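If you're wondering where the values come from, they're calculated on a predicted model, not measured in any experiment.
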Amino acid sequence: VGAQGFVVLNAPRVENRGHIGTADGGQVHLAATRHLDLATRDGQLLSLRTDAPGGLGESPFQGVVNNAGRIQANGLSVGPGGTVTLVAENGTTYHGGDILANGASLGGQVDVLGREVRLDGRVEANGATGGGRIRVGGDYQGANPELANADTLDVGGGASLLANAL
């Protein structure tokens, strides 16, 4: 996908075993939700919202997101890294591959969310002048009402989270 482009995959079950990449600060969103609203203008993704706060609602629907592949949303020129979101509404999000949202200036933003989150892969949001933001299973101390917190978070021995200034 071209510079600052976006990839959005939404279905009850979303799996990536290959390579999804955007150039220069793009966005990649893998979502297992009942409903997804996209707002775009001139080929740019302005906003992405599910039908429940934080992407997780109270319903019998249980989505599954499985990333065993590689997702790249790096900022290659002078800008920050891109944005990567994995979210399963009322279900399980598994990340066992690689997510790279590194930037030439600041690191990017990565969210791995779901009712149950299993992490056994690599997540990087590094930047030359500052690290990015990585949120796994919710936000800092669970205090953000816009982002639902996981009921279960399992971090395996193969997991690494890096948001460094390089």
Side-chain angles (χ1 to χ4, degrees), residues 1-40 43-52 54-57 61-76 80-103 107-127 132-139 147-163:
V1 175
Q4 298 180 354
F6 61 92
V7 175
V8 178
L9 302 176
N10 183 48
R13 181 178 183 90
V14 177
E15 293 195 36
N16 173 40
R17 294 187 189 130
H19 179 214
I20 301 171
T22 67
D24 237 359
Q27 299 181 46
V28 177
H29 303 279
L30 306 184
T33 65
R34 290 173 295 150
H35 181 81
L36 188 70
D37 287 326
L38 298 173
T40 63
Q44 298 297 311
L45 181 63
L46 300 177
S47 68
L48 180 141
R49 293 198 47 89
T50 62
D51 60 350
L56 307 175
F61 178 88
Q62 291 186 333
V64 175
V65 172
N66 181 4
N67 180 53
R70 183 179 187 94
I71 298 174
Q72 285 184 272
N74 292 325
L76 302 175
T83 301
V84 177
T85 304
L86 309 181
V87 59
E89 181 181 337
N90 286 329
T92 301
T93 299
Y94 172 75
H95 170 61
D98 293 318
I99 295 175
L100 305 172
N102 297 313
Q109 299 178 26
V110 178
D111 289 335
V112 182
L113 308 169
R115 176 87 50 206
E116 180 180 348
V117 175
R118 296 180 184 167
L119 186 70
D120 203 25
R122 176 175 64 151
V123 178
E124 290 185 10
N126 299 314
R133 181 189 73 203
I134 299 172
R135 299 186 296 194
V136 177
D139 206 347
L147 201 66
N149 297 305
D151 290 338
T152 304
L153 174 59
D154 179 17
V155 179
S160 69
L161 303 170
L162 302 168

Exercise for the section: Show the numbers, then the answer: is there a side chain to side chain contact (heavy atoms under 4.5 Å, CB included) between V64 and Y94? Expected result: CA-CA 8 Å; V64 175; Y94 172 75; over 6 Å; no
Fill in the blank from the handout: For N67, the side-chain hydrogen bond (donor to acceptor under 3.5 Å, both in side chains) test, sequence neighbours excluded, returns N16, H95
Handout entry: Any N10 side-chain heavy atom under 4.5 Å of T33 side chain
Key = yes
Fill in the blank from the handout: One should read off an interatomic distance between L86 CG and L30 CG, to the nearest 0.5 angstrom, of 5.0 Å
Handout entry: Under 3.5 Å donor-acceptor, D111 side chain and T85 backbone
Key = no
Problem - From R70 atom CZ to I99 atom CD1, the distance as rounded to the nearest 0.5 Å - result: 11.5 Å
Handout entry: Nearest-0.5 Å distance that lies between atom OG1 in T152 and atom CZ in R118
Key = 8.5 Å
Problem - salt bridge (Lys or Arg N to Asp or Glu O under 4.0 Å) partners of residues 14-23, not counting sequence neighbours, each pair once - result: R13-E15, E15-R17
Practice task
Begin from the C-alpha positions of L161 and L119 and carry the test side chain to side chain contact (heavy atoms under 4.5 Å, CB included) through to its verdict.
Solution key: CA-CA 10 Å; L161 303 170; L119 186 70; 3.8 Å; yes
Completion exercise
Contacts of R122 meeting salt bridge (charged side-chain N to carboxylate O under 4.0 Å, His left out) (sequence neighbours excluded), chain-then-number -> D98, E124
Handout entry: Smallest separation among heavy atoms of I134 and A163, with atom names
Key = CD1-CB, 4.1 Å
Practice task
Please examine the side chains of D154 and E116, heavy atoms only from C-beta on, and report whether any two atoms are closer than 4.5 Å.
Solution key: no
Completion exercise
With sequence neighbours left out, the residues meeting salt bridge (charged side-chain N to carboxylate O under 4.0 Å, His left out) with D151 are R115
Completion exercise
Sequence neighbours excluded, the answer for side-chain hydrogen bond (donor to acceptor under 3.5 Å, both in side chains) partners of R133 is Q109
Handout entry: Partner residues of D139 under the side chain to side chain contact (heavy atoms under 4.5 Å, CB included) criterion, sequence neighbours left out
Key = R135, N144, L147
Completion exercise
Heavy-atom closest pair (G63 atom, A32 atom, distance to 0.1 Å) is CA-CB, 3.6 Å
Handout entry: Any donor-acceptor pair under 3.5 Å from T93 side chain to L113 backbone
Key = yes
Practice task
Mind checking side chain to side chain contact (heavy atoms under 4.5 Å, CB included) for L153 and listing every partner two or more places apart, or none if nothing turns up?
Solution key: V117, V136, V155
Completion exercise
Across all chains, not counting sequence neighbours, the side chain to side chain contact (heavy atoms under 4.5 Å, CB included) partners of A73 are T22, V84
